[in-house]
Amino acid sequence: MDYLTTILLLAVSTALINNMVLHYFVGICPFIGVSRRVDTAFGMGAAVTFVVAIASALSWALTRFVLAPGAPLSSWAAARLGYAGAPDLSVLNYIVYIFVIAWAVQLVEMYVRKFFPALYKAFGVFLPLITTNCLILFVCLEVMKHVPSAAGAPEPWGLDLTLVYAISAGLGFLIAIVIMAGIREELDLCDVPAPLRGPGITLLVAGILALAFLGFTGMDAGLARWLKAPAADAVPAAPAEGAQP
Amino acid sequence: MSKAADGPTPLERFIGGILPENPTYRQILGMCPTLAVTNTMEGAMTMAGAVAFVLVCANVMISLIRPLLKPHLRILVFTLTIAAFVTIADRLLAAFMYDMSKQLGPYIPLIIVNCIIIARCEICAARQGPWTALNDALGQSLGFALGLASIASIREILGFGTWFGKWLGWRVIPELPAAQWSNWVIMVLPPGAFLTLGLLMGAVNWAQHRRAARRPA
Amino acid sequence: MMKAIQQAWLVIVLSLVFGAALAGVQLTLQPRIEANKLADALNQIPQLVPGATQGAAAEVAGRRVFRALDDAGKLVGWVVPAAGQGFADKLELLVGVNADASAITGLYVLDQKETPGLGDNITRAEWRAQFAGKSLAQPLQTVKTAPAAAQDIQAVTGATISSWSVVGIVNEQLARFRKELRHE
């Protein structure tokens with residue numbers, strides 16, 4: 001029960017409350033660039049979710065077993081080479097992650113080209129550009145902070161929580177980009193002032209969306225209390241947070 | 001020494017990066033840090049400094065090895081170079097500016113996927129000499145810093161009432177009772193970032209349009 | 001294989017060069033970075049535990065804590081890092097307790113991302129001073145009006161959930177620490 005609670009809280013928090021696009025500002029480039037039509041937006045969201053799941057799983061595994069301070073495989077290699085002390089390859093983290101992401105994007109690109117050729121054409125140059133999508137690297141970095149290691153990560157995540165986090169992040173991106181595409185399809189029929197056409201109005205709409213998503217803040221604290229509700233709670237029920245935006 | 005057909009001169013590259021080809025307002029690149037770190041001027045300037053460091057180093061290095069670049073592997077080489085320099089910048093910040101490093105958090109490593117740097121490597125460094133590449137990097141960095149500063153100034157002044165509050169402690173809007181002025185907290189939260197950038201972009205486009213209209217056809 | 005190396009030799013050479021450079025950077029800067037991380041907590045020890053002038057990192061039942069020592073090196077208290085969910089994001093606290101963990105001697109907020117101007121008033125010294133002297137035998141309670149009972153902490157106006165989160169983290173983590181200390 002506790003495990004399911006943790007997973008649920010992590011998923012809701014990542015997808016809605018701390019939404020990748022509207023709270024952490026990652027994945028803005030495709031968010032502005034590929035959000036003109038709902039079907040391409042949905043496809044992009046799905047592709048990003050796929051890539052981020054693969055990339056984060058691989059990053060977790062590589063960090064856990066090779067790169068983290070005192071990781072098993074590098075310790076074994078260091079011992080064989082007669083090197084004393086715990087090897088710490090974490091300085092190579094960023095380079096390894098970006099290459100893992102590039103490889104994952106290649107993989108998804110081949111898959112989409114084979115099974116969804118129309119979507120592949122619709123994406124054009126934006127599919128390989130997923131490599132430069134901040135969201136995936138951001139997720140890998142967040143996973144890096146939670147990899148169990150000798151340095152003692154405060155809340156270590158196994159592969160299961162890593163995948164929950166990554167897929168929720170991708171789904172949060174998908175939700176945001178599909179909402180934006182729906183709004184932009186309507187905006188196409190409106191008379192947007194010339195200076196704001198294109199990225200200007202998209203950013204303003206994103207601002208209003210971010211305002212709406214701000215309403216989710218604090219929900220995870222409340223959800224956590226409700227799901228873990230102990231009978232004799234020494235702390236009184238938290239009243240409504242009226243003044244906080 | 002450079003032939004006229006070789007591309008823009010170093011000076012043109014430098015001037016071009018500041019306003020005409022400003023990465024934030026004209027090229028619309030590097031949006032993620034622009035929105036994320038601009039709630040204070042200190043964060044914005046630290047990020048601008050880090051990007052400048054990586055851009056200059058990467059540009060010069062790529063320019064020096066450009067005869068050796070194979071066409072289909074060049075993006076890989078760019079990425080490797082940029083990732084290495086970003087790691088160095090990240091470690092330097094953590095060692096010498098620890099508070100800033102904590103505040104900027106994951107956004108420093110995200111410089112690796114900052115489109116500005118890869119774009120400059122592709123457009124300039126892979127094709128022209130180190131001196132030109134250096135000027136290009138400096139110009140683009142200045143333009144980026146200008147873009148960040150414009151957004152950060154508005155957000156910090158309206159949201160906190162200070163400008164460079166942490167480093168210099170300058171108050172722009174004096175502390176007034178709540179009935180006269182209370183900080184626009186929304187400006188330092190995510191919606192404020194989007195709204196500020198959107199409106200500023202509209203303003204820049206509008207000014208550009210007026211200048212173009214006033215010029216004789 | 002040879003053809004691949006011919007094509008990719010630049011990538012391989014660059015990888016080796018950068019790998020060496022990064023290893024050098026790691027070796028020179030890592031000690032400084034570690035010192036920075038520790039300094040965050042060590043600098044707070046004199047304010048958190050009266051009578052302490054220095055601190056030393058220690059481990060109690062797998063939890064990283066700091067021993068607060070006076071000039072002579074005698075133990076005068078503990079500084080316990082505690083973390084948990086706040087209103088907007090994670091909260092990281094440093095709680096100072098006396099030598100037998102029976103009372104709180106101070107509280108410091110290491111890291112918070114609460115609403116500026118509202119939730120982040122939990123970092124203000126006047127609010128944190130409420131925690132000094134509170135006994136750990138009973139859990140603390142958040143109240144919205146002036147504190148009446150000994151275990152009451154008045155919440156920040158307009159930031160009830162942030163205040164209540166801090167109290168919750170202190171209660172939970174310090175209760176656990178007390179138990180761990182007793183078993184040591």
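Every chain is numbered from 1, with letters handed out A, B, ... down the list of sequences.
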Within a radius of less than 6.0 Å around [atom1] of [X], do more than 12 heavy atoms belonging to other residues, nucleotides or ligands occur?
X        : atom1 : answer
C/Lys74  : NZ    : no
C/Arg124 : CZ    : no
B/Trp170 : CH2   : no

Flag side-chain contact, heavy atom, 4.5 Å: C/Arg32 against B/Tyr98: no
Within the 4.5 Å heavy-atom criterion, are C/Phe18 and B/Thr81 side-chain neighbours or not? yes
Going from CE on B/Met97 to CG on C/Asn36, what distance comes out if it is rounded to the nearest 0.5 angstrom? 12.0 Å
Between CG of C/Leu10 and CG of B/Leu76, what distance do you get to the nearest 0.5 Å? 9.5 Å
Indicate the atoms forming the closest heavy-atom contact of B/Leu80 with C/Ser15, along with that distance. CD2-OG, 3.5 Å
To check you understand the geometry: which heavy-atom pair defines the closest contact between B/Ala84 and C/Leu22, and what is its length? O-CD2, 3.8 Å
At a heavy-atom separation under 4.5 Å, does [X] approach chain B through its side chain, its backbone, both, or neither?
X        : result
C/Asp40  : side chain
C/Lys113 : neither
C/Gln26  : side chain
C/Leu14  : both
C/Thr28  : neither
C/Val25  : side chain

Tell me, with the steps shown, if B/Ile88 and C/Leu29 meet side chain to side chain contact (heavy atoms under 4.5 Å, CB included). CA-CA 10 Å; B/Ile88 296 178; C/Leu29 292 180; over 6 Å; no
Region of B/Ser101 in contact with chain C, defined by heavy-atom distances below 4.5 Å: neither
Go through the atoms of B/Leu68 and report whether side chain, backbone, both or neither lie under 4.5 Å from a heavy atom of chain C. both
